[in-house]
Amino acid sequence: MQPFRQLDYVRLDDSLSNEEKLARDTVRDWVSERFLPLVAEHFEAGTFPMEVVPELADLGVFGPTIPEEYGGPGLNNVAAGLIYQEMERGDSGLRSFVSVQGGLVMYPIFAYGSEEQKRRWLPLMAKGQAIGCFGLTEPDFGSNPGGMLTTAKKDGTGWVLNGRKMWITNGTVADVAVVWARAEGKIRGFLVEQGTKGFSAPEQKHKWSLRASVTSELVLEDVKVPGSALLPNGEGLKAPLGCLTQARYGIAWGALGAALACFDEGLSYAKQRIVFDKPLAGFQIPQQKLANIATQITLGQLMALHLGRLKDDGKLTPAMVSMGKRNNVHLALETARVVRDLMGANGISLEYQVGRHLCNLESVITYEGTHDIHTLAIGQELTGIQAFR
Ligand code: TGC
Ligand code: FAD
């Protein structure tokens with residue numbers, strides 16, 4: 001495989017700090033040298049390479065913005081975004097693993113947890129010695145999590161949980177699940193540890209997308225947890241939605257990584273592939289396709305970088321993140337489709353990356369709020385009228 005050459009049409013690299021470039025380049029090298037040689041095999045087998053977890057921890061990618069005091073590297077949000085970009089250049093399943101750990105498990109413990117919960121879990125999770133999952137979606141409540149049926153009933157000083165979650169990344173391999181449940185009328189988060197009686201996390205098989213990622217059901221049957229399992233400082237639907245804002249920000253960057261991988265592969269293929277006695281890249285239609293996707297990626301890069309700077313300044317809103325996630329996943333999927341076509345039959349071979357990214361992005365456009373849910377979030381921001389109901 002040729003070394004990766006990142007499209008940087010408008011010299012955005014010039015506006016990154018040395019620390020941001022170092023974070024990106026360290027992860028980039030690891031993905032190229034260590035992860036890419038493994039991934040096609042895992043994608044075919046439908047497995048995640050758990051052996052790389054300690055290496056990911058050494059790279060500092062679990063909870064990149066978590067302060068050093070709690071075991072994280074305390075990077076800024078642009079560096080974190082660049083890390084997600086490089087992870088997803090490897091595979092959306094790799095970025096998912098890292099996003100769930102950092103944005104959906106470490107973040108709620110950091111933002112809503114007690115001091116004891118933070119001291120216990122965050123350093124372990126930063127080191128990859130505990131893996132987490134995030135249980136919000138239910139079989140009948142995906143886009144509308146506010147309708148959830150999972151309950152938590154007070155039982156002395158503890159709680160009893162009942163319900164079922166579905167499509168949960170890392171569920172089967174997780175040491176701890178953040179489970180969202182209706183507790184005495186209000187949605188609350190609970191830390192449910194693997195091995196707790198009545199709790200199981202069977203793997204969901206037969207996916208043709210995000211194959212190098214474990215996806216699971218969470219089954220809760222009279223699961224008793226102590227009072228200390230409750231995340232004390234977040235309540236209502238805005239608590240889980242606040243976590244989604246973190247992970248969606250990471251996806252706005254991550255999707256660019258998948259798009260950049262496809263673009264680089266498509267460009268080099270088009271320059272080498274001879275059709276009708278000259279390189280494919282020398283015909284007008286392929287050049288138009290390359291110009292279109294390069295332009296969209298460049299606009300997506302500008303958007304992600306600007307969102308990152310706003311996040312570091314404390315000015316980022318959920319509605320802005322909706323636009324970033326929606327736009328950048330859409331452009332990545334379009335890029336993958338165009339490159340798949342440019343590569344002819346080779347585009348469907350797992351010897352190349354594009355087919356894997358294309359299949360993965362069909363999940364990415366659905367999870368963390370579907371494309372249309374984000375359309376409506378932007379519509380609400382623009383008009384002041386909610387059209388979800
Ligand atoms: P709504 O009335 O609009 O909001 C309820 C409260 O939440 C606040 N809020 C947010 N807060 C933070 N971040 C956000 N993004 C927020 N969106 C809304 C809102 O201000 C309100 O606060 P308050 O103080 O008034 O109570 O709620 P709704 O029931 O009308 O729903 C709105 C909607 C549809 C946008 C929301 O439910 C939604 O986002 N649905 C999509 C669900 C989703 O994205 N699920 C993802 C599950 S996790 C996942 O997919 C992980 S994939 C992992 C991987 O990377 O592998
Ligand atoms: P539905 O909500 O049934 O939507 C179906 C269609 O209806 C979509 O096109 C949608 O846009 C449209 N639609 C829905 N409501 C409206 C409306 N009001 N107006 C117009 N159109 C509408 N969840 C977790 O909690 N944790 C995880 O770790 C996690 N990981 C995942 C991993 C993978 C691989 C996948 C595929 C999903 C994962 N999810 C996870 C679940 C994901 O968040 C949901 O699939 C997603 O929120 C959509 O819900 P749904 O599948 O029930 O689709």
Side-chain angles (χ1 to χ4, degrees), residues 46 48 84 87-88 91-105 107-108 111 131-148 150 163-174 177-180 186-187 189 201 203-218 234-255 316-326 329 359-381 385-389:
F48 180 81
Y84 290 121
M87 291 277 127
E88 197 147 358
D91 193 83
S92 301
L94 178 63
R95 199 267 310 132
S96 274
F97 192 97
V98 170
S99 292
V100 168
Q101 180 88 343
L104 294 180
V105 184
Y107 174 79
I131 301 302
C133 71
F134 178 87
L136 180 65
T137 303
E138 298 186 356
D140 294 322
F141 296 96
S143 297
N144 178 22
M148 71 174 63
T150 299
R164 201 165 141 230
K165 302 287 178 180
M166 207 162 174
W167 298 109
I168 308 305
T169 300
N170 287 349
T172 312
V173 297
V178 175
V179 173
W180 297 95
K186 288 200 172 130
I187 291 173
E203 188 168 355
Q204 290 179 241
K205 293 283 192 183
H206 311 298
K207 290 178 295 165
W208 54 260
S209 171
L210 221 75
R211 287 187 56 73
S213 172
V214 172
T215 310
S216 317
E217 277 182 70
L218 304 183
E235 69 176 32
L237 187 58
K238 65 174 187 280
L241 293 183
C243 307
L244 300 186
T245 298
Q246 307 303 312
R248 289 167 178 172
Y249 167 76
I251 293 176
W253 280 96
L316 189 69
T317 66
M320 294 175 188
V321 177
S322 280
M323 190 180 276
K325 192 270 181 184
R326 176 180 183 269
V329 177
C359 291
N360 285 339
L361 288 163
E362 292 289 354
S363 284
V364 183
I365 203 157
T366 286
Y367 68 35
E368 290 287 359
T370 67
H371 185 81
D372 288 343
I373 286 297
H374 290 296
T375 306
L376 296 175
I378 297 166
Q380 182 173 6
E381 175 75 3
I385 305 167
Q386 73 82 10
F388 293 105
R389 293 185 169 79

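Order of appearance sets the numbers: ligands from 1, and atoms from 1 within every ligand.
Close contacts between ligand 1 and Thr137 involve ligand atoms 47 (C) [criterion: under 4.0 Å to a heavy atom]. Of all atoms in ligand 1, numbered sequentially from 1 with element shown, those under 4.0 Å from a heavy atom of Gly242 are 12 (C), 13 (N). Below 4.0 Å from some heavy atom of Arg95 lie the following atoms of ligand 1, by number and element: 55 (O). Of all atoms in ligand 1, numbered sequentially from 1 with element shown, those under 4.0 Å from a heavy atom of Val100 are 53 (C), 54 (C), 56 (O). Interface of Leu104 with ligand 1, defined as ligand atoms under 4.0 Å from a residue heavy atom, comprises 51 (C).
Of all protein heavy atoms, the one lying nearest to atom 19 (C) of ligand 1 is Lys238 CB, 4.7 Å. Nearest non-hydrogen protein atom to atom 31 (O) of ligand 1 is Leu237 CD2, 4.2 Å. Counting protein heavy atoms only, atom 50 (O) of ligand 1 is closest to Glu368 N, 2.9 Å. Protein heavy atom in closest approach to atom 27 (C) of ligand 2: Trp167 O, 3.3 Å. Considering only non-hydrogen protein atoms, atom 52 (O) of ligand 2 sits nearest to Gly142 CA, 3.3 Å. Counting protein heavy atoms only, atom 18 (N) of ligand 2 is closest to Phe388 O, 3.0 Å. When hydrogens are left out, the protein atom nearest atom 35 (C) of ligand 2 is Tyr367 CD2, 3.9 Å; that is the closest non-hydrogen contact. The protein atom (non-hydrogen) at minimum distance from atom 26 (N) of ligand 2 is Phe134 O, 2.9 Å. From the protein, the heavy atom lying nearest to atom 48 (S) of ligand 1 is Leu244 CD2, 3.6 Å. Taking atom 22 (C) of ligand 2 as the reference point, the nearest protein heavy-atom neighbour is Ile373 CD1, 4.7 Å. The protein non-hydrogen atom at the shortest distance from atom 37 (O) of ligand 1 is Pro145 CD, 3.3 Å. Given atom 17 (C) of ligand 2, the protein heavy atom at minimum distance is Leu376 CD1, 4.0 Å. Taking atom 42 (C) of ligand 1 as the reference point, the nearest protein heavy-atom neighbour is Gly142 O, 3.6 Å. Remark: minimum distance from atom 21 (N) of ligand 2 to any protein heavy atom is reached at Asp372 CB, 4.5 Å.
For ligand 2, the polar-atom distance check against Leu210 finds no nitrogen or oxygen pair separated by under 3.5 Å. Considering backbone and side-chain N/O of Gln380, none are found under 3.5 Å from N/O of ligand 1. Residue-to-ligand polar distances keep Gly369 apart from ligand 2: every N/O pair is separated by 3.5 Å or more. Between Ile168 and ligand 2, no N or O atom pair is found at a separation short of 3.5 Å. For Leu241, a nitrogen or oxygen atom sits less than 3.5 Å from a nitrogen or oxygen atom of ligand 1, counting backbone and side chain alike. Taking any N or O of Ser143, backbone or side chain, at least one lies under 3.5 Å from an N or O belonging to ligand 2. For the pair Arg389 and ligand 1, the shortest N or O to N or O distance falls below 3.5 Å. Inclusion of Thr137 in the set of residues having an N or O under 3.5 Å from an N or O of ligand 2 is warranted. Geometrically, ligand 1 and Ser99 share no nitrogen or oxygen pair separated by less than 3.5 Å. Between Lys207 and ligand 2, no N or O atom pair is found at a separation short of 3.5 Å. Between Ser96 and ligand 1, at least one N/O pair is under 3.5 Å apart.
Counting heavy atoms under 4.0 Å from ligand 1, residue Arg248 touches it through the side chain alone. At a 4.0 Å heavy-atom cut-off, ligand 2 touches Thr370 through the side chain alone. Here Ser363 has side-chain heavy atoms under 4.0 Å from ligand 2, and that is the only part of it that gets that close. Within the 4.0 Å heavy-atom criterion, both parts of Thr366, backbone and side chain, lie near ligand 2.
If you check each of Phe388, Tyr84, Phe134 against atom 34 (C) of ligand 1, the one with the closest non-hydrogen atom is Phe388. Closest heavy-atom approach to atom 15 (N) of ligand 1 within the set Thr245, Ile168, Val214: this belongs to Thr245. Nearest-heavy-atom check against atom 38 (C) of ligand 1 across Ser143, Gly369, Ala377 picks out Ser143.
Remark: distances from the non-hydrogen atoms of Gly236 to ligand 1 are all 4.0 Å or more. Between Glu368 and ligand 2 there is a heavy-atom distance shorter than 4.0 Å. The closest approach between any non-hydrogen atom of Asp140 and ligand 2 is not below 4.0 Å.
In this structure, atom 17 (N) of ligand 1 is in close contact with the protein, since a protein heavy atom lies within 4.0 Å of it. Within a 4.0 Å radius of atom 27 (O) of ligand 1, the protein has at least one heavy atom. Within 4.0 Å of atom 52 (S) of ligand 1, at least one protein heavy atom is present. Protein heavy atoms all stay at least 4.0 Å away from atom 2 (O) of ligand 1.
More than 12 heavy atoms of other residues, nucleotides or ligands lie within 6.0 Å of NZ in Lys207, so this atom counts as buried by the packing criterion. When the shell of 6.0 Å around CE of Met323 is examined, it contains 12 or fewer heavy atoms from other residues, nucleotides or ligands.
Atom CZ of residue Phe134 and atom NZ of residue Lys165 lie 9.0 Å apart, to the nearest 0.5 angstrom. Taking CG of Asn360 as the start and CD1 of Ile365 as the end, the distance is 13.0 Å to the nearest 0.5 Å. The distance from atom CG of Leu94 to atom CD of Glu88, rounded to the nearest 0.5 Å, is 9.0 Å.
Put simply, the side chain of Arg95 reaches to within 4.5 Å of the side chain of Ile251, judged on heavy atoms.
Judged purely by distance below 3.5 Å, without hydrogens or angles, the side chains of Ser322 and Arg248 never pair a donor atom with an acceptor atom. For the residue pair Tyr367 / Ser96, a side-chain donor-acceptor distance below 3.5 Å is found, with atom types taken as modelled.
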